[in-house]
Amino acid sequence: MNTFAIGGDLPVQRLGFGAMRLPTEPGPGREASIALVRRAVEIGITLIDTAHLYGGGANEELLAEALYPYPDDLVVTTKVGVVRTGDDWKYDARPESLRVQVDEGLRRLRVGRIELLQLHRLDPETPLADQLGALRELRDEGKIGRVGLSEVTVDELTRAREIVEIASVQNRYSVVDREYEAVLNACEAAGVAFLPWRPVLGAASNATAEIASVAQELGVTTAQVGLAWLLARSPVILPIPGTAKIAHLEENFAAAKVELTAEHLERLGS
């Protein structure tokens, strides 16, 4: 299955794009970034992930410049909960701060509603009920459509779901990094989308012998094997690999067509 409905009602292609690496400064780099995200939409990507943290909103503004008005089937998800104070960034999910951050995200993305808004990190200095209660209120007001989390444990996910419906979780995960296996399993059981960040770095830079062997047999790259493995691992996984090069973008998206056999999956440790 190549699609997944986030929150049960927001369908996207499972292989998305993470915009974090895109250069945003004026000049050739920014122009290349705009061309790349337009190409991402052209080849069929319908899920793009960004965050306020990425350039202090510059990444969101880049996506709006490149893609607004957005295609009807495109979901641009962003994250809040980390703010700049002077030269540093800090967690800040106080309700009053989240409201400001969401309003700023709406303005930068040029939308009236963010269909999937993720809390970049839980704020250890703010009660969980206050953080997620604020997002629930913003959802009920129509400013956001669905609430997601990032870098959470099973216990944190369980407690969060008692406060507000959780549509997605974004944790680090790949074929060579399975620290959050239990969180993935909890998401699968609940039908929650799981967006692994850094989904191919390990597979590409620290390819095990088996990954390299499977890639050679199939005539693909180790990164493509890593992405294909994620897609096969669970129907709730929505990988969001990032790149600043169109050729690499197209290579990553082609991983959706890589078919791993049961024997390949066994060798890779599924």
Side-chain angles (χ1 to χ4, degrees), residues 1-7 9-55 57-79 105-118 144-146 148 150 167-168 170 193-200 220-221 223-224 226-228 230-231 235-258:
M1 184 171 60
N2 293 326
T3 62
F4 180 83
I6 300 173
D9 61 355
L10 186 66
V12 295
Q13 290 292 321
R14 288 180 58 205
L15 194 50
F17 174 70
M20 182 179 70
R21 297 183 185 181
L22 295 177
T24 58
E25 293 296 322
R30 183 182 183 87
E31 293 171 5
S33 295
I34 290 173
L36 184 143
V37 294
R38 288 175 176 168
R39 180 59 180 157
V41 171
E42 286 176 359
I43 64 178
I45 289 174
T46 58
L47 175 64
I48 296 179
D49 176 81
T50 182
H52 172 227
L53 178 63
Y54 306 159
N59 197 275
E60 294 169 320
E61 291 173 342
L62 172 79
L63 294 177
E65 179 180 342
L67 300 174
Y68 184 84
Y70 304 104
D72 291 341
D73 62 348
L74 179 65
V75 175
V76 177
T77 174
T78 192
K79 297 182 286 293
L106 290 167
R107 175 182 56 79
R108 287 190 293 261
L109 290 169
R110 307 182 195 175
V111 295
R113 169 179 160 120
I114 297 169
E115 291 299 339
L116 176 61
L117 187 286
Q118 302 173 97
I144 62 179
R146 296 151 198 84
S150 181
S168 69
Q170 188 170 148
F194 186 89
L195 283 63
W197 63 270
R198 197 178 292 172
V200 298
V220 298
T221 67
Q224 287 176 316
L227 289 169
L230 285 169
L231 292 171
V236 305
I237 289 183
L238 281 58
I240 47 171
T243 181
K245 298 182 178 179
I246 288 179
H248 191 202
L249 168 79
E250 294 174 343
E251 176 187 293
N252 285 340
F253 194 64
K257 297 181 180 180
V258 174

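Residue numbers count from 1 along this sequence.
Across every non-hydrogen atom of Gly105 and Ile114, the tightest pair is C-CD1, 4.3 Å. Shown here for Leu116 and Gly148, the closest heavy-atom pair between the two residues is CD1-N, 4.1 Å. Of all the heavy atoms in Arg14 and Pro235, the pair that sits closest is NE-O, 3.5 Å. A pairwise comparison of heavy atoms in Leu231 and Pro239 identifies CD2-CD, 3.7 Å as the closest pair. When all heavy atoms of Pro23 and Ala244 are compared, the pair lying nearest together is CD-CB, 4.1 Å. Summarising the geometry of Arg113 relative to Gly145, their closest heavy-atom pair is NH2-CA, 3.4 Å, with the distance given to 0.1 Å.
Considering CG of Leu249 and CD1 of Ile43, their distance stands at 4.0 Å, rounded to 0.5 Å. Note that OG1 of Thr221 is 7.5 Å distant from CG of Asn252, once rounded to the nearest 0.5 Å. To the nearest 0.5 Å, the span separating NE2 on His52 from CG on Asn59 amounts to 11.5 Å. One finds the CG atom of Leu230 at 9.5 Å from the CG atom of Leu15 (value rounded to the nearest 0.5 Å). Here the OG-CZ distance, from Ser168 to Arg146, works out to 10.5 Å after rounding to the nearest 0.5 Å. Atom OG1 of residue Thr77 and atom CD1 of residue Ile6 lie 7.0 Å apart, to the nearest 0.5 angstrom.
A side-chain contact (heavy atoms from CB on, under 4.5 Å) with Leu63 holds for exactly one of Thr24, Val37, Thr78, Ile34; it is Val37. Applying the side-chain contact (heavy atoms from CB on, under 4.5 Å) test between Thr50 and each of Glu61, Arg108, Glu60 identifies Glu60 as the sole match.
Side-chain contact between Val76 and Val111 is absent, with no heavy-atom pair separated by less than 4.5 Å. Looking at Leu227 and Pro199, their side chains come closer than 4.5 Å, going by heavy atoms from C-beta outward.
Applying the ring-ring contact (aromatic ring centres under 6.0 Å, His included) criterion to Phe17, with sequence neighbours excluded, gives no partner residue. Remark: Phe253 engages no residue in a ring-ring contact (aromatic ring centres under 6.0 Å, His included) (not counting sequence neighbours).
Remark: side-chain polar atoms of Tyr54 are not paired, donor with acceptor, to backbone N or O of Leu22 under 3.5 angstrom. In this structure, Gln224 contributes its side chain and Glu251 its backbone to a donor-acceptor pair below 3.5 Å.
Listed by first and then second residue, the salt bridge (Lys or Arg N to Asp or Glu O under 4.0 Å) pairs that reach into residues 26-43 are Arg30-Glu65, Arg39-Glu42, Arg39-Glu250, sequence neighbours excluded.
No side-chain donor-acceptor contact under 3.5 Å links Thr46 and Asp73.
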Apply side chain to side chain contact (heavy atoms under 4.5 Å, CB included) to the pair Leu47 and Gln13, showing each step before the final yes or no.
-> CA-CA 7 Å; Leu47 175 64; Gln13 290 292 321; over 6 Å; no

So Val41 and Tyr70, side chain to side chain contact (heavy atoms under 4.5 Å, CB included) or not? Walk me through it.
-> CA-CA 10 Å; Val41 171; Tyr70 304 104; over 6 Å; no

Pair Leu53-Lys79, side chain to side chain contact (heavy atoms under 4.5 Å, CB included): steps then yes or no | CA-CA 8 Å; Leu53 178 63; Lys79 297 182 286 293; over 6 Å; no

